[in-house]
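Remarks on the structure that follows.
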Amino acid sequence: GNSVTQMEGPVTLSEEAFLTINCTYTATGYPSLFWYVQYPGEGLQLLLKATKADDKGSNKGFEATYRKETTSFHLEKGSVQVSDSAVYFCALSDTGGFKTIFGAGTRLFVKA
Amino acid sequence: DSGVTQTPKHLITATGQRVTLRCSPRSGDLSVYWYQQSLDQGLQFLIQYYNGEERAKGNILERFSAQQFPDLHSELNLSSLELGDSALYFCASSVDPPGLVENTIYFGEGSWLTVV
């Protein structure tokens with residue numbers, strides 16, 4: 001079945017450091033891929049998405065490229081801020097549009 | 001504000017009791033999802049309803065049940081509660097028309113359930 005695997009956290013970085021959170025997936029067909037973010041005390045919210053191979057999703061300085069050849073959708077940001085401290089979830093939506101599947105989440109701590 | 005409303009925000013109850021969590025989806029969204037988030041299990045998909053019908057079922061216990069009403073709001077019923085049921089329960093919604101691959105899900109802020 002479909003699955004999403006994320007790098008385990010927590011990830012601790014200093015402000016202005018480069019961020020990469022790895023995400024790989026297993027899916028039949030051509031899923032859409034998402035990154036969601038959960039700030040402390042809040043629900044998940046969509047950060048960015050990509051719907052086909054080689055698409056790049058971007059938002060708030062974060063980017064991720066849909067790589068079909070490596071079945072990956074790694075999240076990157078060039079310079080993190082303390083306010084980026086949150087839990088990040090990689091997810092995929094299968095071709096039927098049913099039941100978006102989430103990874104386990106990666107907690108990011110950014111120190112000033 | 002995602003547009004998904006959940007009540008109550010916090011709930012404390014005793015083992016063996018039953019509770020009902022309520023969710024109002026975003027206006028126009030036909031699909032409602034329920035997720036459980038706990039420290040040890042992460043984010044677990046429980047169940048999805050689409051326009052009143054159950055569409056997909058995940059790791060939902062038999063003690064739990066859900067339904068989606070004609071006005072599209074949904075309720076998650078948790079019965080015979082155990083300490084391990086303490087978690088944050090999220091409702092989410094999406095438009096999710098048939099055949100659409102890109103399906104963005106919008107989450108509510110969650111209902112914190114503490115079983116004592």
Side-chain angles (χ1 to χ4, degrees), chain A residues 1-10 21 23 25 27-53 55-57 59 64 66 68 73 86-107, chain B residues 1-7 9-10 21 23-26 29-51 53-60 88-112:
Chain A
N2 296 347
S3 66
V4 175
T5 303
Q6 289 182 236
M7 64 186 289
E8 288 191 22
I21 300 179
C23 171
Y25 68 90
T28 55
Y30 304 94
S32 290
L33 301 174
F34 305 83
W35 277 99
Y36 285 82
V37 59
Q38 183 181 22
Y39 296 105
E42 299 183 13
L44 281 73
Q45 56 186 274
L46 180 66
L47 179 61
L48 54 84
K49 63 185 178 185
T51 58
K52 61 182 187 295
D55 267 3
K56 177 185 283 187
N59 185 26
Y66 188 162
K68 196 170 191 309
F73 193 55
V87 181
Y88 292 82
F89 292 87
C90 185
L92 70 81
S93 175
D94 65 23
T95 52
F98 300 164
K99 197 180 78 174
T100 296
I101 297 169
F102 288 84
T106 302
R107 185 175 295 276
Chain B
D1 182 6
S2 67
V4 179
T5 303
Q6 290 188 246
T7 58
K9 292 195 186 311
H10 299 274
L21 309 180
C23 171
S24 294
R26 292 188 326 149
D29 284 359
L30 299 179
S31 268
V32 169
Y33 309 74
W34 286 99
Y35 290 84
Q36 179 193 57
Q37 186 177 36
S38 59
L39 284 175
D40 56 345
Q41 295 288 329
L43 188 66
Q44 298 281 322
F45 167 73
L46 296 179
I47 197 163
Q48 178 197 1
Y49 280 82
Y50 177 79
N51 204 19
E53 300 288 329
E54 181 183 307
R55 172 175 268 188
K57 185 176 280 191
N59 301 320
I60 188 167
L88 182 57
Y89 291 85
F90 284 111
C91 173
S93 74
S94 67
V95 175
D96 195 20
L100 179 69
V101 175
E102 177 193 338
N103 187 34
T104 300
I105 294 179
Y106 297 88
F107 283 77
E109 294 187 352
S111 293
W112 274 104

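Letters A, B, ... are given to chains in the order of the sequence lines, protein chains preceding strands, and every chain is numbered from 1.
Taking the six-membered ring wherever Trp is involved, the centroid distance between the rings of A:Phe102 and B:Phe107 falls below 6.0 Å.
A 6.0 Å sphere centred on CD of B:Glu54 holds more than 12 heavy atoms belonging to other residues, nucleotides or ligands.
In this structure, chain A has a heavy atom under 4.5 Å from the side chain of B:Gln37, while its backbone stays farther away. For chain A, no part of B:Ile47 is nearby; none of its heavy atoms comes within less than 4.5 Å.
The shortest non-hydrogen separation linking B:Phe90 to A:Gln38 is CZ-NE2, 3.2 Å.
Taken from CD1 in B:Ile105 to CZ in A:Phe34, the straight-line distance is 7.5 Å, to the nearest 0.5 Å.
Residues A:Leu44 and B:Leu43 form a side-chain contact, since some pair of their non-hydrogen atoms from C-beta on lies under 4.5 Å apart.
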